[in-house]
Amino acid sequence: MTFRRTLIQLAVATAGTCVFGLASAQTVLKAADVHPAGYPTVVAVEAMGKKLEAASQGRYKFQMFPGSVLGDEKAMIEQTQVGAIQLLRTSLGPVGPVVPEVNVFNMPFVFRDVAHMRAVIDGPIGQELLDKISASPAKIVALAWMDGGSRSLYTKKPVRTPADLKGQKIRMMGNPLFVDTMNAMGGNGIAMGYGEVFTAIQTGVVDGAENNPPSLYTANHFKAGAKYYTQTNHLIIPEILVMSRVAWDKLTPADQTLMKKLGREAQLEQRKLWDAAVADYSAKLKAEGVEFIAIDNKPFFDATAPVRAKYGAQFADLMKRIGDVK
Ligand code: GTR
């Protein structure tokens, strides 16, 4: 904890540092991610950083802080808003509380499958949402989408139906929409940061959580005891690469264009890495004895209708347009 706090203080103290004495000033850009080195999002953003350093002839120096060293996503979003982190790859889940418009993508079963989600984020609706984030008062500029695949439930006891979830405490990301989603699915949703989930499962503070295969594997949650992976596919949440508005406003228009271009390239690279990672980590989870439980997820879809009704009312037109995307 102390180590983490020290790193956060360091990030704040040195944010946007310029190293003078060189032929021209160098701006340090700190990038952060909850995932460890080697994870698709981290690899893609690091590659973007290298390209940025080269394309700017060293005017920018890129530093990646992976593995939640700068805090959980809520804390990192806050640091990005104040300009202590310049680039952040985050799920859209915890962005909902600061930019409520993104919650349209955070609703359970809003996308039919991953291919549908990709068609939506790659098209006009995806661009509109990026623009809404950038135009919001949240002080973050949305550069590109990333893939977070499809989230399913993992628990200590096998779950096949909403009734099996009765009395089970399930960790959800920090957004009331997700707590409502889990409550509607039959369990008790508990919001907490990603970094706390392992211990929470291990000590019985929660009985399980939900995520995609690469996260379940790399965060080791199955080793904490959650060995049953029920294919609910209830949340298909795109992820996003954002830049702090504080840092963005200091860029020249040409560098802003460059940043968006490189962000877009990172999106495409991450997608390729993502598909390989889902296959690879699913196989690894099975080899570690995690049981993938195939189910008909319609009862979970039906159970979450009130959540879509409650949160989706304000997005009715948009949800219709999302549904119409082939
Ligand atoms: C992962 C996602 C992270 C984080 C995490 C969580 O799938 O990539 O950005 O949101 O889930 O559950 O907190």
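Note that ligands are numbered from 1 as they come in the structure, with each ligand's atoms numbered from 1 the same way.
- No N or O atom of Y39 sits closer than 3.5 Å to an N or O atom of ligand 1.
- Ligand 1 has no atom lying under 4.0 Å from any heavy atom of E210.
- Between I322 and the choices M107, H116, R112, the side-chain contact (heavy atoms from CB on, under 4.5 Å) rule is met once, by H116.
- Checked against the 6.0 Å centroid threshold, Y229 and H221 do not count as a close aromatic pair.
- Given atom 7 (O) of ligand 1, the protein heavy atom at minimum distance is N211 OD1, 2.6 Å.
- Geometrically, ligand 1 and R89 share a nitrogen or oxygen pair separated by less than 3.5 Å.
- If you chain together hydrophobic residues whose side chains sit under 4.5 Å apart, V141 and I85 never meet in one group.
- Of all atoms in ligand 1, listed by their number and element, those nearer than 4.0 Å to a heavy atom of R151 are 1 (C), 6 (C), 7 (O), 11 (O), 12 (O).
- Under the 4.5 Å side-chain contact rule for hydrophobic residues, M243 and V102 do not share a cluster.
- Set against the non-hydrogen atoms of H35, the atoms of ligand 1 under 4.0 Å away are 1 (C), 2 (C), 3 (C), 8 (O).
- In summary, the atoms of ligand 1 found under 4.0 Å from a heavy atom of M173, numbered by their order in the structure, are 6 (C), 10 (O), 12 (O), 13 (O).
- Between E239 and R89, at least one side-chain N (NZ, or NE/NH1/NH2) sits under 4.0 Å from a carboxylate O, which counts as a salt bridge.
- Looking at D255 and R59, a side-chain N of the basic residue comes within less than 4.0 Å of a carboxylate O on the acidic one, giving a salt bridge.
- D33 and T41 are linked by a side-chain donor-acceptor pair at a separation below 3.5 angstrom, with hydrogens and angles left out of the test.
- Of the candidates M192, R171, M76, M172, R171 brings a heavy atom nearest to atom 13 (O) of ligand 1.
- Ring pair W145/F105 is tilted by interplanar angle, where 30° to 60° counts as tilted.
- Of all protein heavy atoms, the one closest to atom 3 (C) of ligand 1 is E73 OE2, 3.3 Å.
- Counting protein heavy atoms only, atom 2 (C) of ligand 1 is closest to E239 OE2, 3.1 Å.
- The proximity of N212 to ligand 1, defined as any non-hydrogen pair under 4.0 Å, is limited to the side chain.
- The proximity of S215 to ligand 1, defined as any non-hydrogen pair under 4.0 Å, is limited to the side chain.
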